[in-house]
Each structure stands twice: as C-alpha cells, then as structure tokens.
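All remarks here apply to the structure that follows.
Order of listing sets the numbers, starting from 1, for every ligand and every atom in it.
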Amino acid sequence: MIKQLVIYFAGSIRAGRDDAEIYKQIIHYLRRYGTVLTEHVGDSNIETGGETVLTDRQIHDRDCDWLMQANVVVAEVTTPSLGVGYEIGRAVENGKQILCLFRPDSGRNLSAMIAGCPEVVTAHYHDVSDAIQTIDAFFRSCVGH
Ligand code: 6K6
C-alpha cells in the first residue's frame with residue numbers, strides 16, 4: 001500500500017488573493033497524494049486584510065509546526081509573498097521535498113532566490129491542467145508515488 005504523504009501547500013495570503021481559485025484547485029488535486037495541512041490557503045473567503053481569530057504569533061507557530069510535519073511542500077509562487085518565501089526557506093533548511101509552481105503568463109519574474117535554489121524544483125505552468133501534469137511528474141520522480 002502507498003504511504004499517505006503529508007503535504008504543506010503554500011500560497012499568498014496577505015500579499016494578495018488574486019490566485020486563490022487556482023490554489024483551491026491545486027489543493028483539491030494534491031489531496032489524492034496525501035493529507036494537505038493548509039487547505040485554508042485555497043479558501044476564497046480569506047481576504048488580504050481580513051480579521052483573524054489567531055494572533056500573528058499563533059499563525060506563525062502553527063504553520064511552522066505543520067511545515068515540520070510535512071514530507072512535501074508545494075508552493076504557488078506567482079504572487080510574490082514574504083510568507084511563502086519564508087516557508088520555502090525553512091523547508092529547504094529542514095530537508096523537505098519542494099515544488100514551486102510559477103505562471104510566466106503573469107508577466108512577473110520569479111525571484112532568483114527561488115528559481116536558483118538547487119534544493120527546489122521550480123516548474124512553469126500556464127493553467128491548472130498543466131500544473132496537474134507537473135505535480136504528477138514531481139511526485140513520481142521525487143517522492144516515488
Ligand atoms: C486571514 C486574513 C489575513 O490573515 C489571515 C490569516 N493568516 C494566515 N493564516 C494561515 N496561514 C498564513 C496566514 N498568513 C500567512 N500564512 C502562511 O504564510 C500560509 O501558509 C501561506 O503559505 C503564507 C502566506 O504568507 P503572506 O505573507 O502572503 O500572508
């Protein structure tokens with residue numbers, strides 16, 4: 001039987017929610033590979049400056065705990081986010097398998113600190129069906145599923 005993976009999905013929250021629908025669809029697909037700890041990142045009801053029940057410290061500590069529990073980190077990095085960059089850096093330091101998904105059609109340039117990081121697999125995609133193929137290839141080659 002295939003071992004269920006623990007997956008941490010990272011996507012912009014306070015840096016902007018333009019891609020929230022894409023996050024939601026990617027998270028939905030990732031669930032076939034294991035438990036996604038951060039499903040709320042795809043919640044279209046979360047707003048950039050919205051009210052939070054938890055303090056920033058509680059959010060930070062909870063998300064770092066989840067990050068440490070994860071085998072795999074998948075980050076959608078088209079909207080540049082300090083929080084996502086921080087999570088990727090901590091994931092690298094802790095030896096996680098990391099896939100970053102970037103849409104060049106956005107007109108943005110991905111930071112060299114992500115695109116140039118040898119411990120991170122960075123993939124360009126155009127739409128969600130494209131991203132799904134990339135995710136499948138990543139899990140086959142890096143995680144052996
Ligand atoms: C709701 C509205 C505003 O803030 C919230 C609640 N905040 C967060 N809740 C859960 N995870 C968070 C929150 N803020 C940041 N994160 C984590 O950092 C997520 O795991 C995202 O991957 C990443 C987003 O960072 P920013 O800098 O774009 O907020």
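- Listed by number with element, the atoms of ligand 1 under 4.0 angstrom from any heavy atom of E47 are 2 (C), 3 (C).
- With a 4.0 Å cut-off on non-hydrogen atoms, R62 touches ligand 1 through its side chain and not its backbone.
- Hydrophobic clustering of Ile, Leu, Val, Met, Phe, Trp and Tyr side chains at less than 4.5 Å, counting indirect connections, unites V92 with F102.
- In this structure a side-chain-to-backbone donor-acceptor pair under 3.5 Å is missing from D130 to Y125.
- Each of the following atoms of ligand 1 lies closer than 4.0 Å to a heavy atom of S12: 28 (O).
- Around atom 8 (C) of ligand 1, the closest heavy atom drawn from I59, L67, T48 belongs to I59.
- Cluster membership for V74 and V77, using ILVMFWY side-chain heavy atoms within less than 4.5 angstrom, is not shared.
- Some N or O of S81 is nearer than 3.5 Å to an N or O of ligand 1, by distance alone.
- The distance from ligand 1 to the heavy atoms of H40 drops below 4.0 Å at these ligand atoms: 10 (C), 11 (N).
- In this structure, D63 counts as a contact residue of ligand 1, since one of its heavy atoms falls inside 4.0 Å of the ligand.
- M113 shares a hydrophobic cluster with no other residue; no ILVMFWY side chain has heavy atoms under 4.5 Å from its own.
- Side-chain atoms of N94 do not come within 3.5 Å of backbone N or O of K96 as any donor-acceptor pair.
- Taking atom 18 (O) of ligand 1 as the reference point, the nearest protein heavy-atom neighbour is E87 OE2, 3.2 Å.
- For ligand 1, the polar-atom distance check finds an N/O of G11 within less than 3.5 Å of one of the ligand's N/O atoms.
- Atoms of ligand 1 found under 4.0 Å from any heavy atom of I46, numbered from 1 in the order shown, are 1 (C), 2 (C).
- When only non-hydrogen protein atoms are considered, atom 5 (C) of ligand 1 lies nearest to T52 CG2, 3.0 Å.
- Hydrophobic clustering (ILVMFWY, side-chain heavy atoms < 4.5 Å, transitive): I22 and I132 are in one cluster.
- Contact analysis leaves H60 out of contact with ligand 1, as no non-hydrogen atom separation drops below 4.0 angstrom.
- The shortest heavy-atom distance from Y8 to ligand 1 is under 4.0 Å.
- The nearest non-hydrogen atom to atom 27 (O) of ligand 1, considering only G83, A75, C64, A10, comes from G83.
- R103 and D19 are joined by a salt bridge, as a carboxylate oxygen and a charged side-chain nitrogen come within less than 4.0 angstrom of each other.
- If you number the atoms of ligand 1 from 1 as listed, the ones under 4.0 Å from a heavy atom of A15 come out as 28 (O).
- With hydrophobic clusters built from ILVMFWY side chains whose heavy atoms lie under 4.5 angstrom apart, L5 does not share a cluster with I98.
- In this structure, CD1 in I88 is found 3.5 Å from SG in C100, a value given to the nearest 0.5 Å.
- Interface of R14 with ligand 1, defined as ligand atoms under 4.0 Å from a residue heavy atom, comprises 3 (C), 4 (O), 26 (P), 28 (O), 29 (O).
- When hydrophobic clusters are built by joining Ile, Leu, Val, Met, Phe, Trp and Tyr residues whose side-chain heavy atoms come closer than 4.5 Å, directly or via intermediates, F139 is grouped together with L101.
- Counting heavy atoms only, I13 comes closest to atom 15 (C) of ligand 1 of the residues V84, I88, I13, D43.
- Residue pairs satisfying the side chain to side chain donor-acceptor pair (under 3.5 Å) criterion with at least one member in residues 5-15, sequence neighbours excluded, are listed as follows: Y8-E87, R14-D56.
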